[in-house]
Amino acid sequence: MQRLPIPATKSNLIRLRGELTFAKEGRDLLDEKREILIIEIMGILEDAYRKRLAMEKELVEAYQAFAVAKVIMGTENVQRASLGIQAEAEVEIRDRSVMGVVVPVVQVKWNKTERPRYGFAGTTFALDNAAQLFSRCLELLVELAEIETTLWRLATELKKVQRRFNALDNILIPQYIETVKYIQYTLEEKEREVLFQLKRVKAKLTR
């Protein structure tokens with residue numbers, strides 16, 4: 001491992017020891033954060049999988065109901081009924097923090113009612129059923145968007161944490177350890193040399 005290009009002095013030795021301790025503490029904190037993020041992601045993955053299956057199932061049912069409505073009513077009557085619908089749904093997005101990662105909290109706001117949002121003239125129960133199913137799909141889609149966005153952001157943060165951890169554990173900390181050992185060895189050698197010189201001087205003076 002290549003050591004840091006730093007002069008072998010006592011002040012540098014003291015400084016590097018302090019920085020090495022700080023780097024090890026930082027690595028340990030990153031390791032803890034990494035473990036927590038992994039646990040969080042694994043828990044969300046299962047929830048996201050269930051919600052995606054539920055949404056896909058609801059979408060299939062909604063499109064099937066819509067196809068039935070078109071067969072019974074005719075495409076033109078379905079289009080005519082849709083013109084009377086006003087978009088009343090609002091999507092509210094807030095932020096929350098998970099391990100320092102900002103993730104969204106998404107909510108659909110609307111006045112829910114079992115009553116169709118179009119006139120009864122020329123419409124059938126099949127269209128009412130399709131409309132209710134698509135309303136449910138919208139809610140599921142928003143829930144899925146929230147959880148998958150959260151999952152993506154946590155996974156992105158996990159990658160960053162892993163890169164920092166690897167940089168500390170595999171590069172920086174080994175460099176610091178090697179440099180501290182080198183400086184310590186060099187200083188000890190210098191001290192031994194000074195002591196040897198002092199002994200020689202003392203021996204000459206004694207003679």
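No experiment lies behind these values; they were computed from the predicted model shown.
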Quick one: do Glu139 and Arg136 make a salt bridge, cutoff under 4.0 Å? yes
Do Leu133 and Leu141 belong together in a cluster built from hydrophobic side chains that touch within less than 4.5 Å? no
Determine whether a donor-acceptor pair (N or O, by modelled atom type, separation under 3.5 Å) exists between the side chain of Asn12 and the backbone of Ala8. no
In Å and rounded to the nearest 0.5 Å, what is the NZ to CD1 distance from Lys190 to Ile183? 9.5 Å
Between CE on residue Met42 and CG on residue Leu151, distance to nearest 0.5 Å: 10.0 Å
Going only through I, L, V, M, F, W and Y residues with side-chain contacts under 4.5 Å, is there a path from Leu45 to Val161? yes
Is the NZ atom of Lys70 crowded by more than 12 outside heavy atoms at less than 6.0 Å? no
Can you find a heavy atom in the side chain of Arg34 that is under 4.5 Å from one in the side chain of Leu158? yes
Does Ile36 belong to the same Ile/Leu/Val/Met/Phe/Trp/Tyr cluster as Ile41, with side-chain heavy atoms less than 4.5 Å apart forming each link? yes
Can you name the closest pair of heavy atoms from Ala145 and Thr149 and give their distance? O-OG1, 2.7 Å
Measuring from atom CG of Leu154 to atom NZ of Lys159, what distance do you get when rounded to the nearest 0.5 angstrom? 12.5 Å
Note, Val68 side chain near Ile72 side chain (heavy atom, < 4.5 Å): yes
Using residues 53-66 as the side-chain source, report each donor-acceptor pair under 3.5 Å to any protein atom, sequence neighbours left out, with the distance given to one decimal.
from: Lys57; atom 1: NZ; to: Glu61; atom 2: OE2; distance (Å): 2.8

Sub-4.5 Å side-chain heavy-atom contact between Ile147 and Glu143: no
When you look at Arg52 and Glu148, which way does the salt bridge (charged side-chain N to carboxylate O under 4.0 Å, His left out) test go after all the steps? CA-CA 10 Å; Arg52 176 162 285 280; Glu148 289 192 345; 3.0 Å; yes
Determine whether Glu157 and Arg153 satisfy the following criterion, salt bridge (charged side-chain N to carboxylate O under 4.0 Å, His left out), listing intermediate values before the conclusion. CA-CA 6 Å; Glu157 182 67 15; Arg153 291 185 181 178; over 6 Å; no
Below 4.5 Å, heavy atoms only, C-beta onward: do Leu13 and Val180 meet side chain to side chain? yes
For the CD1 atom of Ile44 and the OG1 atom of Thr150, what is their distance to the nearest 0.5 Å? 6.0 Å
Under 4.5 Å between side-chain heavy atoms, hopping through other hydrophobics if needed: is there a path connecting Ile93 to Leu138? yes
Side-chain heavy atoms nearer than 4.5 Å, only ILVMFWY residues, links allowed to pass through others: does that put Leu144 and Tyr49 together? no
What is the distance from atom CG of Leu37 to atom CD of Glu40, rounded to the nearest 0.5 Å? 8.0 Å
Value for CG (Leu16) from CD (Gln184), rounded to nearest 0.5 Å, stands at 11.5 Å
Between side-chain atoms of residues 19-30 and protein atoms elsewhere (two or more places apart, or another chain), which donor-acceptor pairs fall under 3.5 Å?
from: Glu19; atom 1: OE1; to: Tyr176; atom 2: OH; distance (Å): 2.6
from: Glu19; atom 1: OE2; to: Arg15; atom 2: NH1; distance (Å): 3.1
from: Thr21; atom 1: OG1; to: Arg17; atom 2: O; distance (Å): 3.0
from: Arg27; atom 1: NH1; to: Asp169; atom 2: OD1; distance (Å): 3.0

